[in-house]
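Each remark here refers to the structure printed beneath this line.
From a predicted model like this one, the values you see are computed outputs, not experimental measurements.
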Amino acid sequence: MHAGVKFNMVTTASTSSFFPVTSSDNNGGKSSKNGGNSSLNLGGLKSKQSSNGLNIKTNASSSSKINGTTVVAATSTPIKVENDSSSSSSSSQHHPRTFINQLPDWSMLLAAVTTIFLAAEKQWMMLDWKPRRSDDMLVDPFGIGKIVQDGLVFRQNFSIRSYEIGADKTASIDTLMNHLQETALNHVKTAGLLGDGFGSTPEMCKKNLIWVVTRMQVVVDRYPTWGDVVQVDTWVSATGKNGMRRDWLLRDSKTGEILTRASSVWVMMNKLTRKLSKIPEEVRGEIEPYFVNSDPVVDEDNRKLTKLDDTAEYIRTGLTPRWSDLDVNQHVNNVKYIGWILESAPQPILESHELHSMTLEYRRECGRNSVLESLTDVSGADIGNLADSGFVECKHLLRLNDGAEIVRGRTEWKPKPANNFDILNQVPSQNT
């Protein structure tokens with residue numbers, strides 16, 4: 001048997017298995033001439049014309065004998081399958097049985113799959129062992145924060161980043177101070193009091209007034225480390241006739257442990273004349289509804305901050321502001337002063353102790369063209385033997401090179417935790 005004949009036989013068998021067509025006549029349902037023959041000849045079948053018909057091409061057959069065997073050869077003839085929805089039910093019963101009209105009802109199958117899926121989802125939601133999101137997963141450490149406690153306290157979370165830690169693997173004092181300042185500004189913004197200025201209310205903007213800090217007290221009980229999330233609460237209170245006090249509490253967001261406490265006093269200054277100003281009644285009406293009647297979170301240190309002079313033990317000169325040190329009010333950000341003050345702190349103290357508390361008095365602002373000097377005196381401590389010295393106190397002065405005072409300060413240092421020692425001296429061993 002030739003290969004072409006084998007191919008035609010296989011093709012014919014395959015076609016008949018997929019398209020089991022029953023022949024019928026259009027004249028009253030009479031059977032065709034070949035009605036009793038198992039071999040169907042579709043070569044002369046004429047399909048009924050219908051706008052909704054579906055054309056299917058199949059191989060019509062013609063018979064021939066090869067080696068005494070009857071073989072059906074295939075020819076291509078189009079078949080149109082009836083799909084007329086307007087036909088009567090009696091006529092639809094006599095449609096030819098084709099591959100298309102023998103497919104299952106897919107809409108029923110889809111409905112069954114959907115029902116099973118919904119039932120499975122319902123059971124999953126009712127399982128007690130299903131993992132649930134804890135409260136700390138719902139905390140957005142990068143959010144702007146929210147007003148809490150009857151609208152008088154502002155709360156914001158911060159994640160300690162890798163670039164905010166120092167050699168001790170803990171956050172620097174500058175990092176903590178920046179977080180405090182950020183919450184203060186966001187408090188004003190969230191309360192709807194932020195005008196066109198930097199932390200100024202709408203009435204302050206009309207009168208060219210800005211806030212300036214005159215005094216700051218900070219106590220750090222423990223420094224957070226990389227990856228920690230800290231929660232900062234801040235609020236404002238009245239102090240004196242023309243001042244405002246702002247307090248902060250910085251906590252570990254997971255344990256609630258208080259890490260840092262800070263209290264500050266602010267007054268108003270005219271942005272154009274650079275002179276201090278009384279609080280106008282219009283401004284007072286804006287901010288007084290947000291005042292909290294509470295004591296400072298840090299006990300006020302009433303000890304006088306003495307002025308240092310050229311006899312100071314440690315002096316660092318030639319400090320100048322960079323462009324990035326200026327804020328939108330065109331004066332040096334108060335957090336920058338802290339870094340300059342510590343520039344003259346003796347290196348042995350920085351290595352063996354950590355800053356526990358500081359009190360700062362801001363005397364005047366610093367411009368971008370200023371040249372500054374940082375002075376430090378150490379009180380009652382042997383710099384050469386700090387291991388057994390316990391707490392160490394220092395006095396500080398930041399001044400212009402012409403002698404005008406910028407900031408007076410006092411800091412208290414405590415020994416570092418044991419696991420922070422010798423960090424600077426750790427050098428990886430060489431590969432052998």
Side-chain angles (χ1 to χ4, degrees), residues 144-145 147 151-154 156 177-217 234-248 262-292 296 319-340 360-372 398-400 402 404-408:
I144 197 175
I147 300 290
L152 300 177
V153 177
F154 180 78
Q156 184 171 355
M177 297 302 296
N178 281 324
H179 290 168
L180 301 188
Q181 180 174 269
E182 180 71 7
T183 54
L185 293 173
N186 286 334
H187 184 192
V188 178
K189 180 179 180 180
T190 306
L193 296 178
L194 188 64
D196 296 332
F198 193 57
S200 300
T201 67
E203 287 296 330
M204 290 174 64
C205 293
K206 293 178 183 178
K207 297 175 171 53
N208 293 314
L209 297 175
I210 59 175
W211 289 109
V212 292
V213 60
T214 60
R215 186 177 177 87
M216 175 78 71
Q217 285 186 254
T234 184
W235 60 94
V236 292
S237 305
T239 178
K241 293 182 179 180
N242 289 290
M244 180 184 72
R245 190 186 80 241
R246 179 174 285 278
D247 292 339
W248 294 271
S263 185
S264 60
V265 176
W266 300 72
V267 295
M268 289 189 179
M269 183 178 76
N270 189 289
K271 185 169 59 175
L272 303 179
T273 64
R274 317 308 287 186
K275 293 182 178 180
L276 298 183
S277 170
K278 294 182 179 180
I279 300 179
E281 289 302 319
E282 296 85 354
V283 176
R284 193 180 298 277
E286 288 179 317
I287 62 177
E288 276 191 346
Y290 296 92
F291 283 172
V292 177
L319 301 173
T320 57
R322 298 172 298 177
W323 176 256
S324 59
D325 294 334
L326 304 179
D327 60 23
V328 297
N329 292 322
Q330 295 296 309
H331 68 252
V332 175
N333 189 295
N334 66 83
V335 177
K336 301 296 181 182
Y337 296 145
I338 299 174
W340 285 334
L360 305 176
E361 286 183 358
Y362 294 86
R363 298 302 180 97
R364 69 175 63 195
E365 63 178 335
C366 173
R368 73 183 206 181
N369 296 320
S370 302
V371 180
L372 301 96
L398 187 66
R399 68 185 184 184
L400 299 176
D402 62 4
E405 293 184 87
I406 301 295
V407 180
R408 288 186 186 183

Could you go step by step and tell me if T201 and E286 meet the side-chain hydrogen bond (donor to acceptor under 3.5 Å, both in side chains) rule? CA-CA 8 Å; T201 67; E286 288 179 317; 2.5 Å; yes
How long is the gap from NZ on K241 to CZ on R284, to the nearest 0.5 Å? 10.5 Å
Run the side chain to side chain contact (heavy atoms under 4.5 Å, CB included) check on L152 and I147 step by step: do they pass? CA-CA 7 Å; L152 300 177; I147 300 290; over 6 Å; no
Result for side-chain contact (heavy atoms from CB on, under 4.5 Å) between R368 and one of L326, D325, V332 points to L326
Any side-chain heavy-atom pair of L193 and S200 under 4.5 Å: no
E365 and I406 have their tightest heavy-atom pair at O-CD1, 3.8 Å
Between N242 and V267, is any pair of side-chain heavy atoms under 4.5 Å apart? no
Donor-acceptor pair, side chain of Y337 and main chain of C366, under 3.5 angstrom: yes
Side chains of V236 and I287: does their closest heavy-atom pair fall under 4.5 Å? no
Interatomic spacing from CD1 in I279 to CG in L209 - rounded to 0.5 Å: 9.5 Å
If you measure only the distance, is there a donor-acceptor pair under 3.5 Å linking the side chains of T183 and Q156? no
Considering only heavy atoms from C-beta outward, does the side chain of M269 approach that of R274 to under 4.5 Å? yes
Return the minimal non-hydrogen interatomic distance between A238 and R245, and the atom names on each side. O-NH1, 4.3 Å
Kindly indicate whether the side chain of M177, heavy atoms from C-beta on, has any atom under 4.5 Å from the side chain of H179. no
Rounded to the nearest 0.5 Å, what separates atom CD in E282 from atom CD in E203? 5.5 Å
Steps toward side chain to side chain contact (heavy atoms under 4.5 Å, CB included) verdict (Q181, N334): CA-CA 9 Å; Q181 180 174 269; N334 66 83; 3.4 Å; yes
Apply side chain to side chain contact (heavy atoms under 4.5 Å, CB included) to residues R246 and W266 and explain how you reach the verdict. CA-CA 8 Å; R246 179 174 285 278; W266 300 72; 4.0 Å; yes
Using atom types as modelled and distance alone, determine if a side-chain donor or acceptor of S370 lies under 3.5 Å from a backbone N or O of G367. yes
Of all heavy-atom pairs between V188 and G199, which one has the smallest distance, and what is that distance? CG1-O, 4.2 Å
Report yes if the side chains of L360 and I338 come closer than 4.5 Å at any heavy-atom pair, otherwise no. yes
Are any non-hydrogen side-chain atoms of P280 and K207 less than 4.5 angstrom apart? yes
Considering all heavy atoms of both residues, which atom of D327 and which atom of N333 are nearest to each other, and what is their separation? OD2-CA, 4.3 Å
Does some side-chain heavy atom of M216 sit less than 4.5 Å from a side-chain heavy atom of Y362? yes
M204 CE to N270 CG distance, which is reported to the nearest 0.5 Å: 10.5 Å
Over all heavy atoms of both residues, which pair between L180 and W248 is shortest? Give the atoms and the distance, please. O-NE1, 2.9 Å
Note: R408-E361 ion pair, threshold 4.0 Å (strictly below): no
Which heavy atom of D247 sits nearest to which heavy atom of S264, and what is that distance? OD1-N, 4.3 Å
Can you check side chain to side chain contact (heavy atoms under 4.5 Å, CB included) on L398 and E405, steps first, answer last? CA-CA 6 Å; L398 187 66; E405 293 184 87; over 6 Å; no
